[in-house]
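Each chain gets a letter, A, B and so on, in the order its sequence line appears, and its residues count up from 1.
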Amino acid sequence: MEITRFAPSPTGHLHIGGGRTALFSYLFAKANKGKFLLRFEDTDQDRSKGEYVDSILNSLHWMQIKLDSEPVYQSKKIVKHKELAIELYKKGFAYACDCSEETLTKMREQQVAKKLKPKYNGLNRNKNIEFAEGMVLRFKFPLEGESKFKDLILGDIAINNKEFDDFIILRSDGSPTYNFSAAVDDMDMKITTVIRGDDHITNTLKQINVLEALGATIPRYAHLPMVLAESGKRLSKRDGAEDILDYKKKGYLSDALINYLVRLGWSYGEEEIFSLEKLQKIFDLSDVNSSPSKYSQDLLNWYNNKYLNFLSAEELVIKVKENSGVDFREIDNGNLAISLLAKGANSLNQIAEDSIYFFEEPQIKFDALNVDANKKILFSEFCKQLKKIDFEKNSIEKYIKEFLQANNLKFPELGKPLRVILTGRENAPSISELLFILGKETSLKRIEYTLDD
RNA sequence: GUCCCCUUCGUCUAGCGGUUAGGACACCGGGUUUUCAUCUCGGCAACAGGGGUUCGAUCCCCCUAGGGGACGCCA
C-alpha cells in the first residue's frame with residue numbers, strides 16, 4: 001500500500017506552495033488507495049511555534065485534506081534519533097568531529113575565495129575521534145561514485161558523490177539534524193513515496209545514503225517543480241501569493257483553490273474542472289509536468305468564479321454570511337440577488353461588497369447623475385408608467401423596450417442613469433434584473449428619491 | 001563559483017518522430033434590450049538559439065543562452 005506524507009516545519013503558516021505539495025501528496029495516496037500522513041518537523045526549537053502547528057492543521061482541514069493517522073511530531077523523537085545516530089557512529093557510518101565554528105567558517109571562506117563549492121573538507125573523517133558530548137557526528141558520505149535515484153516526475157537523477165560533504169547528523173547539543181531525522185522518520189513511518197518540492201533533490205540523495213546505512217528500504221521519490229511568483233521570482237507575499245488561510249479569509253472556495261492548485265503542474269487531457277472526488281480517483285504523478293509554473297491570480301479568480309456559480313443560492317447565502325457577515329436572508333429576493341451577484345464575482349467577499357445597494361438606499365440626487373436637466377421629465381414619465389405595470393421579468397423588459405421606442409431613446413440614455421439611481425454605481429447587473437429583484441416598491445422609491453428636489 | 005533541475009502562445013498546459021501545434025486564463029473585436037457585468041461568437045498569440053541522429057524533428061542526443069534550485073550544528 002502506498003503511504004505518503006507531508007512534512008512541514010511549523011515555522012510559519014501554510015503557504016500556497018506547501019499547500020500544493022500537501023495536495024499532490026494526498027491525491028497520490030488516495031488515487032492509490034493508500035494513506036496520507038502528516039509529520040511536523042519541529043526540531044528547530046527557536047523557530048517552531050504551536051500557533052503554526054494549529055494554523056497548518058487548519059489549512060489542511062479547510063483544503064479537505066484528511067489525515068489517515070495522528071500527526072507525528074518529530075520533536076518527540078529526538079532521543080530516539082540521537083541513539084540511532086550514535087549507532088551509526090558505532091557501526092562506522094559516521095564519525096565524531098570537534099571542529100569549531102571558527103574553523104568551519106574559515107574553511108568555507110577559503111573555499112569560496114578559491115571559487116569552490118563550500119563544504120566540510122573531511123578534516124576529521126579518518127581521525128577516529130572518540131565521540132563525547134559536545135561533539136557533532138558527521139555522516140561518512142561515500143567518497144567515490146555517484147548517488148542516484150529515479151524520480152517519478154523528473155526521471156533519472158545522479159550526482160557525483162564528490163559534490164557532497166560529510167554533513168552533520170547529530171549536533172553538538174545532542175539533537176539530530178533534518179537530513180538524518182527525515183530519513184529515519186520516513187523509514188519509521190514506512191513511507192513508500194516521498195513527494196516534495198524539487199528544492200529537496202540534494203537532500204534526497206543525502207537521505208538515501210543515510211537510509212542505506214540504516215539498512216532501510218528506499219522509498220520512491222517525486223520532486224515537484226516549484227511554483228514561482230507571477231514575476232517569475234521566488235514565491236512571496238509581495239507577488240500576491242499568500243498563506244492558505246488568507247484565501248479563505250478573502251472569500252475563496254477551497255474547491256476552487258484545490259482545482260487551481262492541482263492544475264499547477266498537473267493536467268488531465270484538456271479538462272480544466274475537477275472535483276476533489278474525481279481527483280482522488282484519477283490523479284497520477286506521471287501526469288505531472290517537469291517544468292516550474294507561475295502563480296496566476298487571474299486563473300485562480302476564474303476558478304473561484306466558476307465554483308461560486310456551482311453553488312446554489314442557499315449555499316451562497318450561508319457562505320457569504322459566514323465569510324463577511326452579510327446576510328441575504330434579510331432582504332427580499334435574497335436568493336435571486338445573491339445568484340445575480342455571483343455571476344460576476346471572484347470571491348465571497350466581492351459578493352458581499354457588491355451587495356450594498358440591496359441593503360441600503362443609494363440616495364442619488366438628480367444633479368449627481370450628470371444628465372441633462374430636461375431629461376428629468378422623461379424619468380418622471382418612466383416612473384409614472386412603471387407604477388402601472390406588472391412587476392414580472394418579462395413585462396419589465398417589455399415595458400423598457402416600449403418606453404425606449406416611444407421616446408426615441410437608445411438604451412444607455414435611460415439605462416446608465418437608471419443603473420446609478422438604482423445602485424449608486426455604474427457597474428451592476430442588468431437593469432431589468434435589478435428592477436425585478438429590488439421589487440416595485442423599492443425601485444420606485446429610489447427613482448422618486450432622485451427626482452424629488 | 002560549483003553542482004542539480006527546467007525551457008511549447010503573456011500565463012496554466014495538450015503533444016509522447018509525420019498535427020492546419022489543440023484547449024483554458026488574460027487580452028482584443030463582434031453580438032445580446034448596446035454596463036470596464038453576465039452570456040455568446042470570433043480573433044491575436046508559442047515549439048529559446050545552434051548543432052547533430054533520422055526519409056522526417058516540438059518530440060531523441062549534444063552545446064549555448066535564459067530561468068529556478070541546492071551548497072548551515074535551518075528545515
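- A sub-4.0 Å separation between OP1 or OP2 of B:rU11 and a side-chain N or O of A:Lys294 is present.
- Between A:Phe382 and A:Tyr399, the ring center distance clears the sub-6.0 Å criterion.
- Where A:Trp266 and A:Ile159 each meet RNA chain B at their nearest nucleotide, the meeting point lying more 5' is that of A:Ile159.
- B:rG49 sits 11 Å from B:rC59 when the P atoms are compared, rounded to a whole Å.
- Using the Watson-Crick or G-U wobble rule with both distances under 3.5 Å, B:rG42 pairs with B:rC28.
- By the 6.0 Å and 45° rule, A:Lys49 does not stack over the aromatic ring of A:Tyr52.
- No donor-acceptor contact under 3.5 Å links the side chain of A:Asn203 to the base of B:rA70.
- At a threshold of 4.0 Å, the pair A:Lys162-A:Glu146 does not count as salt-bridged, since none of the basic side-chain nitrogens sits closer than that to a carboxylate oxygen.
- A:Thr202 comes within 4.0 angstrom of sugar-phosphate atoms only, judged by non-hydrogen atoms across all strands, and of no base.
- Relative to the ring axis of A:Phe167, A:Lys206 places its NZ or CZ within 45° and under 6.0 Å from the centre.
- Judged by the 6.0 Å and 45° rule, A:Arg138 forms a cation-pi pair with A:Tyr120.
- Distance, A:Ile351 CD1 to B:rU38 C1': 14 Å, rounded to whole Å.
- With no hydrogens or angles considered, no side-chain donor-acceptor pair links A:Asn179 and A:Thr177 at under 3.5 Å.
- Atom CD of A:Glu109 and atom C1' of B:rG72 are 14 Å apart (whole Å).
- Residue-to-nucleotide proximity on RNA chain B shows that, of A:Asn289 and A:Asp42, the 5′-proximal contact is made by A:Asn289.
- Within the structure, a side-chain polar atom (N or O) of A:Ser267 is placed less than 4.0 Å from OP1 or OP2 of B:rA14.
- For the pair A:Arg263 and A:Tyr260, the cation-pi test (distance below 6.0 Å, angle within 45°) is failed.
- If you take CZ of A:Phe141 and C1' of B:rC71, they are 13 Å apart, rounded to a whole angstrom.
- Here the P atom of nucleotide B:rC12 and the CG atom of A:Leu264 are 8 Å apart, to the nearest Å.
- Here B:rU7 is the nucleotide among B:rC3, B:rA75, B:rU7 with the atom lying nearest to any side-chain atom of A:Ser291.
- Residue A:Gly415 is classed as having no contact, given no heavy-atom separation below 4.0 Å to the nucleic acid.
- Using a 4.0 Å cut-off between charged side-chain N and carboxylate O, A:Asp354 and A:Arg425 make a salt bridge.
- A:Lys115 comes within contact range of the sugar-phosphate backbone alone, with a heavy-atom separation under 4.0 Å but no base atom that close.
- Between B:rU7 and B:rG15, the two C1' atoms lie 15 Å apart (nearest whole Å).
- On the C1' atoms, B:rG52 is 12 Å away from B:rA57, given to the nearest whole Å.
- In this structure, the nucleotide among B:rA75, B:rC6, B:rC4 sitting nearest to the side chain of A:Leu154 is B:rC6.
- Summarising the base pairing, B:rU19 is matched to no nucleotide, lacking a Watson-Crick or G-U wobble pair whose two defining distances lie under 3.5 Å.
- One interatomic measurement links the two molecules: CG of A:Asp165 to C1' of B:rG72, which rounds to 10 Å at whole-angstrom precision.
- Ring-centre distance between A:Phe28 and A:Trp266: not below the 6.0 Å cut-off.
- Each of A:Ile65, A:Thr21, A:Thr4 was scored for a side chain to side chain contact (heavy atoms under 4.5 Å, CB included) with A:Tyr26, with one residue passing: A:Ile65.
- In the set B:rC4, B:rG1, B:rC73, the nucleotide with an atom closest to the side chain of A:Ile201 is B:rC4.
- The base of B:rC6 lies outside donor-acceptor range of the side chain of A:Ser290, with no N or O pair under 3.5 Å.
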| field | Protein proximity profile, nucleotides 25-36 of chain B - base contact B, sugar-phosphate-only contact S, no contact -, cut-off 4.0 Å on heavy atoms | value | SS------BBB-
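- Classified by interplanar angle (parallel below 30°, tilted 30° to 60°, perpendicular above 60°), the ring pair A:Phe310/A:Tyr307 is perpendicular.
- One can place CG of A:Asp287 at 18 Å from P of B:rC12, the figure rounded to the nearest angstrom.
- Taking atom P on both nucleotides, B:rU64 is separated from B:rC5 by 14 Å, rounded to a whole Å.
- Panel note: side chain A:Tyr303, backbone A:Glu272; a donor-acceptor pair is recorded below 3.5 Å.
- Comparing B:rG10 with B:rA48, their P atoms sit 11 Å apart, to the nearest whole Å.
- Residue A:Asp98 contributes atom CG, which lies 15 Å from atom P of B:rC73 at whole-angstrom precision.
- Summarising the geometry, the separation between CG on A:Asp166 and P on B:rC73 is reported as 12 Å, rounded to the nearest angstrom.
- Contacts of A:Arg47 with the nucleic acid, taken as non-hydrogen atoms under 4.0 Å apart, include base atoms.
- For the C1' atom pair drawn from B:rA45 and B:rU20, the interatomic distance equals 16 Å after rounding to whole Å.
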| query | In B/S/- notation, 5' to 3', how is nucleotides 59-68 of chain B contacted by protein heavy atoms closer than 4.0 Å? | reply | ---------S
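- No donor-acceptor pair closer than 3.5 Å links the side chain of A:Arg220 to the backbone N or O of A:Leu152.
- For the OP1/OP2 pair of B:rU13 and a distance below 4.0 Å, the side-chain nitrogens and oxygens of A:Arg263 include no atom meeting the criterion.
- The residue A:Lys119 sits apart from the nucleic acid: no heavy atom pair falls under 4.0 Å.
- Comparing B:rG22, B:rC73, B:rA75 by their nearest atom to the side chain of A:Ile168 picks out B:rC73.
- Between B:rU8 and B:rG23, the two C1' atoms lie 13 Å apart (nearest whole Å).
- A:Cys99 comes within 4.0 angstrom of a nucleotide base, judged by non-hydrogen atoms across all strands.
- Residue contacts shown for A:Glu272 include a base, since a base heavy atom lies under 4.0 Å away.
- B:rA48: Watson-Crick or G-U partner is B:rU64, with both key distances under 3.5 Å.
- The same atom, C1', is picked in B:rC60 and in B:rC3; the two are 25 Å apart, to the nearest Å.
- Using N1 to N3 plus N6-O4 or O6-N4 for Watson-Crick, or N1-O2 and O6-N3 for G-U wobble, each under 3.5 Å, B:rC71 pairs with B:rG1.
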